Amino acid sequence: MAVKLLSMKVNNTPTRTLRPAADIRALDIIDQTALPHDYRSLRLSTLDDAAHAIRSMQVRGAPLIGVTAAYGVALALADDSRDGALSAAIATLGATRPTAVNLHWALARMAAHLSPLTPGERADAAWLEAGVIAEEDVVQCRCIGEHGLALLRPLAEKYGRIEIMTHCNAGWLATVDYGTALAPIYAVFDSGLSIHVWVSETRPRNQGLLTAWELKQHGVPYTLITDNAAGLLLARGAVNAVIVGADRIAANGDVANKVGTYLKALAAHAAGVPFYVAAPRSSIDFACASGEQIPIEERCGDEVRVVHGLDASGNSGAIRQLPADQNVANPAFDITVAGLVTAIITERGSCPASVTGLRELYPEANDA
Ligand code: MRU
């Protein structure tokens, strides 16, 4: 039975992570660096605004990065739509974050759409195409929710209440609406089945706090845990399924996702708990044979040395845990090998994490 997923809301108002401004060529985004303590929007008016928003993680999550990059191209062409400006915009945006392939997918699509046009046609066409990419993202996430529900419903019926674990934020904040890994969770909840979500905080950027924030806005019951508590919960049978998003899925089904995903997959495998990866077509890189070829972003060490939060007076600020010369490593993603993934859930349905599974869902990729 299909369920009508409700659009995501903030304070009961239907909301998207980004919207074109009403009267001018600009993009309004939710500033995710301020969440969960402060809910505010920001206006992106230039290519540099868009590149900075992606790099600084004001917008984040693979699908949303892709959509923002498409709008970034449109913002650049509003100033100068000649060939040189188009390729410079694509180069600037393409250099912002390396792991999420949605960024490169969106930029390649914009280039293919705009290059054959005359400069005079490009500015309007870019704005329209970015809008089409955004709307497609919404539809794809809604479909992922419905296909995920089909997998989770039997678990919910078997256990009475489904206990599900997620990592990072692959909710609507990481997309335009609905999310990828959280879309099935919202679909389970909206269809009246009982669900509880274990949310890992996801050091060092704490995207788990974003997941907690959006689950709370939607009324979905959840419990926040430290990243290191996941193994115990899985081993003790407290979790019926794990579901995460992806920044890039290689052709063989290996999955790059937020660092810490791999440890959860190992613990789920050891405990016999299904481990699902939910992602749209734009996250699958058929040109990448395996996870070994996926570039892993190394982010600034201060993300590890400095924590952000509210002080005793409720003012937001930063606290330095470690001196600036403390040696740290900060890989932002890891690779979960296909053998640990029970199924990949896409907008076309779910499939085994394998060359054959992905090719059967996307036969046209054979021609690419
Ligand atoms: O560094 P981030 O916050 O952009 O990383 C996000 C993730 O790893 C998500 O799990 C992934 O992008 C899927 S989002 C639908």
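For the single chain, residues carry numbers from 1 onward in sequence order. Whatever order the structure lists them in is the order used to number ligands and atoms, beginning at 1. Values below: every heavy atom of this structure, side chains too, minus hydrogens, waters and symmetry copies. Please read these numbers as outputs of a predicted model, since none were measured by experiment.
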(message) Applying ring pair (Phe, Tyr, Trp, His ring centres under 6.0 Å), can you list everything that pairs with Y276, at least two apart in sequence or on another chain?
(response) none
(request) Run the numbers for me: atoms of ligand 1, each under 4.0 Å from some heavy atom of A170, listed by number. (result) 14 (S), 15 (C)
(request) Around atom 15 (C) of ligand 1, find the nearest protein heavy atom and jot down its residue, atom name and distance. (result) T180 OG1, 2.9 Å
(message) Using a 3.5 Å distance criterion without hydrogens, assess whether the side chain of K258 forms a donor-acceptor pair with backbone atoms of A332.
(response) yes
(message) List ligand 1 atoms under 4.0 Å from A174, heavy atoms only on the residue side.
(response) 14 (S), 15 (C)
(request) Ignoring hydrogens, just give me the one of K258, R299, R248, E297 whose non-hydrogen atom is nearest atom 5 (O) of ligand 1. (result) K258
(message) So for A100, does at least one of its heavy atoms come nearer than 4.0 angstrom to any atom of ligand 1?
(response) no
(message) I need the nearest protein heavy-atom contact for atom 3 (O) of ligand 1: residue, atom name and distance, please.
(response) R60 NE, 2.5 Å
(message) For atom 7 (C) of ligand 1, what is the closest protein heavy atom, and at what distance to 0.1 Å?
(response) D247 OD1, 3.3 Å
(message) Evaluate T261 against V255 for side-chain contact (heavy atoms from CB on, under 4.5 Å), listing each step before the verdict.
(response) CA-CA 9 Å; T261 301; V255 173; 5.7 Å; no
(message) Quick one: does any side-chain atom of R122 pair with a main-chain N or O of L117 as donor and acceptor, under 3.5 Å?
(response) yes
(request) Indicate, as side chain, backbone, both or neither, the part of Q207 found under 4.0 angstrom from ligand 1 when only non-hydrogen atoms are considered. (result) side chain
(message) Less than 4.0 Å is my threshold; does some heavy atom of M57 fall inside it relative to ligand 1?
(response) yes
(request) Starting from atom 10 (O) of ligand 1, locate the nearest protein heavy atom and write down its residue, its atom name and how far away it is, to 0.1 Å. (result) N257 OD1, 2.7 Å
(request) Determine, using heavy atoms of R97 and all atoms of ligand 1, whether some pair is separated by less than 4.0 Å. (result) yes
(request) Verify the distance criterion only: is there a donor paired with an acceptor across the side chains of Q326 and R305 at less than 3.5 Å? (result) no
(request) Classify the contact between C168 and ligand 1 as side chain, backbone, both or neither, using a heavy-atom distance cut-off of under 4.0 Å. (result) side chain
(message) For D31, is there any backbone N or O sitting under 3.5 Å from a side-chain donor or acceptor partner on T33?
(response) no
(message) For N169, state whether at least one heavy atom is located under 4.0 Å from any atom of ligand 1.
(response) yes
(request) Using a strict 4.0 Å cut-off to heavy atoms of A62, name the atoms of ligand 1 that fall inside it. (result) 12 (O), 14 (S)
(request) Mark the output for A332 as yes if a heavy-atom distance to ligand 1 is under 4.0 Å, and as no if none is. (result) no
(message) Can you tell me which residue among L224, N169, N206, V197 is in a side chain to side chain contact (heavy atoms under 4.5 Å, CB included) with T211?
(response) N169
(request) Please check if the side chain of D177 supplies one atom and the backbone of M8 the other of a donor-acceptor pair under 3.5 Å. (result) yes
(request) Keeping the roles fixed (side chain from R16, backbone from V176), state whether a donor-acceptor pair exists under 3.5 Å. (result) no
(request) Looking only at distances, please establish whether an N/O atom of ligand 1 is found under 3.5 Å from an N/O atom of G61. (result) yes
(request) Assess the pair W172 and Y186: is the distance between their ring centroids shorter than 6.0 Å? (result) no
(message) Any atom of ligand 1 sitting under 4.0 Å from a heavy atom of G179?
(response) no
(request) Given side-chain contact (heavy atoms from CB on, under 4.5 Å), test R60 with R97 step by step and report yes or no. (result) CA-CA 10 Å; R60 44 146 299 283; R97 296 195 71 187; 4.2 Å; yes
(request) Pick one of side chain, backbone, both or neither for how V244 approaches ligand 1, counting any non-hydrogen atom pair under 4.0 Å. (result) neither
